[in-house]
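Below: the structure, in structure tokens.
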Amino acid sequence: MATTAGTDELRTAFSGWILEPGDDGYEEARRVHNGLVDRRPALIAQCRNTADVADAVRFARAQGLDVCVRGGGHNVAGRAVVDDALMIDLSPLKGIHVDAGARTVRAQGGVLWKELNRETALHGLAVTGGAISTTGIAGLTLGGGLGWLMAKHGLAADNLLSVELVDADGGVREVSEESDPDLLWALRGGGGNFGIAASFEYALHPLAMVTGGLIAHPVDAAADMLRFYRDACATASDDLTVFAALVHAPDGSGMKIAGMVVFHIGTPEEAERDLAPFKEWGSPLVVEVGPMPYQVMNTILDAGYPAGSLNYWMSSFAKGLSDGLIETMVERFASVPSPMSAILLEQFHGAVCRVGVTDTAVPHREEGWNLVLPSVWMDPADTDANIAWTRETHAALGEHLTDRRWLNYLGDDQDSAVRAAYGPNYDRLVEVKRRVDPDNVFRHNHNIAP
Ligand SMILES: Cc1cc2nc3c(=O)[nH]c(=O)nc-3n(C[C@H](O)[C@H](O)[C@H](O)COP(=O)(O)OP(=O)(O)OC[C@H]3O[C@@H](n4cnc5c(N)ncnc54)[C@H](O)[C@@H]3O)c2cc1C
């Protein structure tokens with residue numbers, strides 16, 4: 001518990017807000033995206049600048065408080081908020097500065113992808129962000145960051161040039177390839193283990209209009225569609241990324257469908273040519289595909305993931321899209337308890353797979369698919385049924401899955417998968433952790449123990 005005198009001293013220079021239980025804003029600030037997470041920090045330090053973040057870390061250490069860090073608040077494990085800890089909340093840190101000439105952007109730790117996209121779009125530029133626009137840049141990038149642009153430009157972490165990092169002593173380090181290549185390597189996918197990223201600098205790429213949208217088939221055609229999808233993806237260029245999902249119609253009817261979300265960043269003519277097989281296959285219920293700004297493409301799935309919904313996710317990279325995997329997916333989807341849940345395949349190919357396994361902390365560089373069970377529901381009475389279905393489905397698919405796991409999707413009960421998420425990079429990450437955070441101040445994350 002923090003002393004009153006200590007808290008008063010922290011307040012004297014603090015630019016942001018220090019919230020205690022009972023204060024206006026405390027209840028709202030402790031909420032994160034996943035409505036299953038209901039924890040009560042001792043204090044919430046809402047930071048407005050890097051000096052606030054540094055003071056908050058020093059205060060926590062002096063007072064013996066645990067530290068947890070909130071960026072966009074989207075992590076399903078919900079470790080941005082921890083009972084009785086000091087929650088260092090970066091959500092007011094919204095600064096974004098694009099250097100159009102250098103094709104870089106510097107953005108602070110509370111920025112969301114929709115905010116970053118909007119700013120970079122002013123200059124006809126973009127960087128890989130998440131597949132939806134409401135996630136935070138901080139947790140997503142530190143965990144690797146897969147998204148629509150990864151086949152062309154790699155992961156968010158692959159585009160990370162430097163980080164303004166508040167370390168475990170409350171010092172500030174400018175971490176770049178020149179200043180500390182080892183630590184930058186670790187920040188490119190090693191999660192929140194090494195300090196608090198007050199701001200991120202990314203490389204940008206020219207991008208304005210893309211072609212994208214949804215193709216939906218009757219669920220009875222799901223197995224055939226997934227086999228077509230597997231074969232059609234084999235020849236996809238870096239310009240084309242297609243995710244496939246067994247999902248429910250977005251119109252609220254609750255109808256089960258088999259869908260493909262397509263994304264193409266070439267010219268309209270190239271997109272027309274490459275997307276024709278996807279649009280023409282079978283007897284689709286809906287083909288809603290067309291040109292749109294990238295920042296709009298980044299929002300088309302947002303409505304399926306409302307803030308405060310209850311989330312339990314599992315995922316693993318697939319061994320390949322075998323007929324056996326496809327059949328089990330279809331069979332398991334028949335019993336899915338929530339119309340908001342899906343079985344999703346994220347396609348990995350192109351630039352993301354040309355980075356070496358040990359070049360960044362993210363080892364997942366094989367072509368193929370990440371299979372995700374993003375279970376989402378609204379009524380707490382349905383929690384047990386949804387968690388049980390997700391676990392049973394992951395187990396039923398097990399023989400078709402590798403032990404490789406996407407760090408950003410690990411839930412609160414999946415710490416045993418942290419090693420699998422880092423693969424052969426784990427031991428080097430431990431070395432960096434020992435150097436920069438030997439006391440494991442930053443441990444409320446998918447932790448790399450020093
Ligand atoms: C609907 C939905 C869609 C998603 N889509 C994608 C996707 O397309 N691609 C993908 O890769 N992931 C995706 N994710 C996973 C997402 O990337 C992770 O949950 C990520 O952690 C979210 O970052 P955040 O800043 O919003 O989360 P937070 O919950 O705020 O942070 C997550 C953790 O990251 C650490 N952290 C956060 N900010 C900082 C910081 N500034 N410095 C140091 N540590 C920090 C902390 O340990 C914290 O507990 C999705 C998640 C959801 C719920």
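Basis for what follows: all heavy atoms, side chains included, without hydrogens, waters or symmetry-related copies. We count ligands from 1, going down the list as the structure has it; atoms in each ligand are counted the same way.
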(Q) Side chain or backbone, does H33 bring an N or O within less than 3.5 Å of an N or O on ligand 1? (A) no
Q: Among all protein heavy atoms, pick out the one at the shortest distance from atom 50 (C) of ligand 1; state its residue, atom name and that distance to 0.1 Å.
A: T135 CG2, 3.7 Å
Q | Sequence neighbours excluded, every pair satisfying salt bridge (Lys or Arg N to Asp or Glu O under 4.0 Å) that has a member inside residues 185-195 | A | E177-R188
Q) Sub-3.5 Å donor-acceptor pair from the side chain of Y422 to the main-chain atoms of G190, do we have one? A) yes
**Q.** Nearest-contact summary for atom 28 (P) of ligand 1 - protein heavy atom, Å
**A.** G73 N, 3.3 Å
Q | Per atom 3 (C) of ligand 1, closest listed option by heavy atom (Y409, F200, W313, F194) | A | W313
Q) Around atom CD of E288, are there more than 12 heavy atoms of other residues, nucleotides or ligands at under 6.0 Å? A) no
Q) If you measure from each non-hydrogen atom of F442 to ligand 1, which part falls under 4.0 Å: side chain, backbone, both or neither? A) neither
**Q.** Short N or O distance, L146 and ligand 1, threshold 3.5 Å exclusive
**A.** yes
**Q.** Ion pair check, E20 and R40, cut-off under 4.0 Å
**A.** no
Q. Got a second to check how far R230's CZ is from L226's CG, nearest 0.5 Å?
A. 9.0 Å
Q: Report the part of H444 in contact with ligand 1, treating N, CA, C, O as backbone and CB onward as side chain, heavy atoms under 4.0 Å; options are side chain, backbone, both, neither.
A: backbone
Q. Under a 4.0 Å N-O cut-off, is there an ion pair linking E366 with R404?
A. yes
**Q.** Under 3.5 Å: donor-acceptor pair, side chain of H364, backbone of R405
**A.** yes
Q: Record the part of T134 in heavy-atom contact with ligand 1 below 4.0 Å; permitted values are side chain, backbone, both and neither.
A: neither
Q. Please state which protein non-hydrogen atom is closest to atom 15 (C) of ligand 1 and give its distance, to 0.1 Å?
A. N408 O, 3.5 Å
Q: Looking only at protein heavy atoms, identify the closest one to atom 46 (C) of ligand 1 and say how far it is in Å.
A: V69 O, 3.5 Å
Q: Report the relative orientation of the aromatic rings in H33 and H74; use parallel for angles under 30°, tilted for 30 to 60°, perpendicular for over 60°.
A: parallel
Q. For A131, is at least one N or O under 3.5 Å away from an N or O on ligand 1?
A. yes
**Q.** Any protein heavy atom nearer than 4.0 Å to atom 33 (C) of ligand 1
**A.** no
Q: Could you check atom 38 (N) of ligand 1 against the protein and tell me its nearest heavy-atom contact, residue, atom and distance included?
A: A138 CB, 3.3 Å
Q: Examine distances only and state if a side-chain atom of D302 and a backbone atom of S133 form a donor-acceptor pair shorter than 3.5 Å.
A: yes
Q.
To the closest 0.5 Å, what do you measure between NZ (K152) and CZ (F263)?
A. 10.5 Å
Q) Has R106 got more than 12 heavy atoms of other residues, nucleotides or ligands less than 6.0 Å from its CZ? A) yes
Q. Starting from atom 26 (O) of ligand 1, which protein heavy atom do you reach first, and at what distance in Å?
A. G136 N, 2.9 Å
Q | Nearest-neighbour protein heavy atom for atom 37 (C) of ligand 1, which is reported as residue plus atom name and distance | A | G71 N, 3.7 Å
Q: Just let me know how L142 lines up against ligand 1, side chain, backbone, both or neither, with a heavy-atom cut-off below 4.0 Å.
A: side chain
Q: May I ask you to check whether H74 has an N/O atom sitting below 3.5 Å from an N/O atom of ligand 1?
A: yes
Q. Do D437 and K433 sit within salt-bridge range, that is, some charged N less than 4.0 Å from a carboxylate O?
A. yes
Q) Relative to the heavy atoms of G195, which atoms of ligand 1 are at a distance of less than 4.0 Å? A) 42 (N), 43 (C)
**Q.** Contacts of D412 that satisfy salt bridge (Lys or Arg N to Asp or Glu O under 4.0 Å) - sequence neighbours left out
**A.** R39, R79
Q. For N445, is at least one N or O under 3.5 Å away from an N or O on ligand 1?
A. no
Q) Relative to the heavy atoms of G130, which atoms of ligand 1 are at a distance of less than 4.0 Å? A) 7 (C), 8 (O)
Q | Sub-4.0 Å atoms of ligand 1 with respect to non-hydrogen atoms of Y305 | A | 1 (C)
(Q) Ring centres under 6.0 Å, that's the criterion: do F243 and W369 meet it? (A) no
Q) N/O of L90 under 3.5 Å from N/O of ligand 1, yes or no? A) no
Q.
Among all the protein's non-hydrogen atoms, which is closest to atom 24 (P) of ligand 1, and how far away is it?
A. G72 N, 3.4 Å
Q. Can you check whether A449's main-chain N or O pairs, donor with acceptor, with R443's side chain at less than 3.5 Å?
A. no
Q) Any nitrogen or oxygen of G147, main chain or side chain, under 3.5 Å from a nitrogen or oxygen of ligand 1? A) no
Q.
Quick check on contacts: which atoms of ligand 1 are under 4.0 angstrom from a heavy atom of G145?
A. 11 (O)
